[in-house]
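See structure below.
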Amino acid sequence: MNRAVRRRLVRVAPTAALLLDVTACSSDAQEATSAATSSVFASSTSASPGQQETAATTPPSTSERSTAMGIRVTLDGHPVEATMNNSPAARDFTELLPLTLDLKGFHSTERVADLPRKLDTSGAPEPAAAKVGDIAYYAPWGNLALFYQDGPAPSAHLLILGHLDVSADQLGRATRITIEAAS
């Protein structure tokens, strides 16, 4: 591949990746898109002629594996970025919105709150261990859990619904959350 073509690919690859990620409609399509984008980017970049630079890839977290649904979240009066995944439980959760919930600490790992009703857990994805910032649903108790520390081993009872882009410290001190559907 000549140098001019390689340079064009380097310039176009990030835009193409963004476009593909935005238009991905299913879990499989998004994973395939991410993998294809990573390999295209890795093979099209170069540090110097004749050398290829590889992009580091990280497997998507459970909350990134399906098309994200937008929500607006306020934590103790401060807006934070958040997304919900497209699982049946997450879609059922968004039917409860808007919600304002008081949070309490649980096991020095998560902030929890009771939901007005239990969520539909049919078609739940494979269990995954919660990570810092994950929004999860603990089915046996019917409560919402916001993880400010990585959670325990994967459990079929804990469903990851989405993710908050917030520091562990801020999330660990949170006492009130308001969640609304994005317009």
Side-chain angles (χ1 to χ4, degrees), residues 14 17-18 20-22 24 27 30-31 33-35 37-38 41 55-116 119 121 124-183:
L18 179 62
L20 289 172
D21 281 344
V22 168
S27 165
Q30 188 169 4
E31 287 174 354
T33 299
S34 295
T37 300
S38 294
F41 185 74
T57 58
T58 305
S61 72
T62 302
S63 59
E64 295 170 329
R65 288 188 183 143
S66 53
T67 305
M69 296 183 290
I71 56 173
R72 281 193 315 262
V73 174
T74 304
L75 207 54
D76 292 332
H78 302 285
V80 297
E81 294 291 321
T83 56
M84 299 298 287
N85 63 37
N86 198 25
S87 68
R91 286 192 307 267
D92 192 29
F93 176 77
T94 60
E95 295 295 319
L96 298 174
L97 303 181
L99 282 175
T100 296
L101 304 167
D102 291 324
L103 300 168
K104 56 188 177 227
F106 187 73
H107 282 144
S108 299
T109 304
E110 60 196 275
R111 305 296 289 171
V112 298
D114 293 325
L115 293 175
L119 301 179
T121 59
E126 288 294 316
K131 301 291 182 201
V132 173
D134 279 348
I135 303 167
Y137 174 68
Y138 187 65
W141 295 347
N143 69 358
L144 188 68
L146 309 173
F147 283 83
Y148 62 93
Q149 298 290 329
D150 287 348
S155 164
H157 298 296
L158 185 69
L159 306 173
I160 307 299
L161 304 176
H163 191 80
L164 296 168
D165 187 15
V166 63
S167 73
D169 185 53
Q170 182 182 356
L171 193 51
R173 290 181 283 115
T175 58
R176 189 173 195 103
I177 188 169
T178 299
I179 308 167
E180 303 169 291
S183 32

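Start at 1 with the first residue, then count along the sequence.
- Evaluation of the salt bridge (charged side-chain N to carboxylate O under 4.0 Å, His left out) rule for D169 yields R173 as partners, not counting sequence neighbours.
- The shortest distance between side-chain heavy atoms of K131 and F147 does not fall below 4.5 Å.
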Would you tabulate the side-chain donor-acceptor contacts of residues 102-116 under 3.5 Å, counting partners in other chains and residues two or more places apart, or write 'none'?
unit_1 : atom_1 : unit_2 : atom_2 : d
D102   : OD1    : R176   : NH1    : 2.8
T109   : OG1    : H107   : O      : 2.8
R111   : NE     : A174   : O      : 2.8
R111   : NH2    : L103   : O      : 3.4
R111   : NH2    : A174   : O      : 2.7

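- Evaluation of the side chain to side chain donor-acceptor pair (under 3.5 Å) test over residues 144-156, restricted to residues two or more places apart or in two chains, returns none.
- Nearest approach of L97 to A181, heavy atoms of both residues: CD1-N, 3.8 Å.
- In terms of heavy atoms, L161 sits closest to S87 at CD2-OG, 4.4 Å.
- Under the side-chain contact (heavy atoms from CB on, under 4.5 Å) criterion, P79 pairs with no residue at all, not counting sequence neighbours.
- A 4.5 Å side-chain heavy-atom check between L96 and L119 finds at least one atom pair inside the cut-off.
- Here the shortest heavy-atom pairing between A129 and A153 reads CB-C, 4.2 Å.
- Of the inter-residue distances, the one linking L101 atom CG with T175 atom OG1 reads 12.0 Å to the nearest 0.5 angstrom.
- Listed here is the closest heavy atom pair of H163 and I135: N-CD1, 3.8 Å.
- Here the closest heavy-atom approach between residue A90 and residue M84 is recorded as CB-CE, 4.2 Å.
- To the nearest 0.5 Å, the span separating CG on L75 from CG on L171 amounts to 6.0 Å.
- A search for side-chain hydrogen bond (donor to acceptor under 3.5 Å, both in side chains) contacts involving S167 returns nothing, not counting sequence neighbours.
- With sequence neighbours excluded, the residues forming a side-chain contact (heavy atoms from CB on, under 4.5 Å) with P88 are R91, listed by chain and number.
- Side-chain contact between L144 and I179: present, with at least one pair of heavy atoms (C-beta onward) separated by less than 4.5 Å.
- The environment of CD in E81 is sparse: at most 12 heavy-atom neighbours from other residues, nucleotides or ligands sit within 6.0 Å.
- Considering only residues two or more places apart in sequence or on other chains, D76 meets the salt bridge (charged side-chain N to carboxylate O under 4.0 Å, His left out) condition with none of them.
- Scored by the side-chain contact (heavy atoms from CB on, under 4.5 Å) test, A82 finds I71, V73, L164 as partners (sequence neighbours excluded).
- Looking at residues two or more places apart in sequence or on another chain, you find no side-chain hydrogen bond (donor to acceptor under 3.5 Å, both in side chains) involving N143.
- Between atom CG of residue L146 and atom CD1 of residue I177 there is a gap of 4.5 Å, rounded to the nearest 0.5 Å.
- Every side-chain contact (heavy atoms from CB on, under 4.5 Å) that P98 has, sequence neighbours left out, goes to E180.
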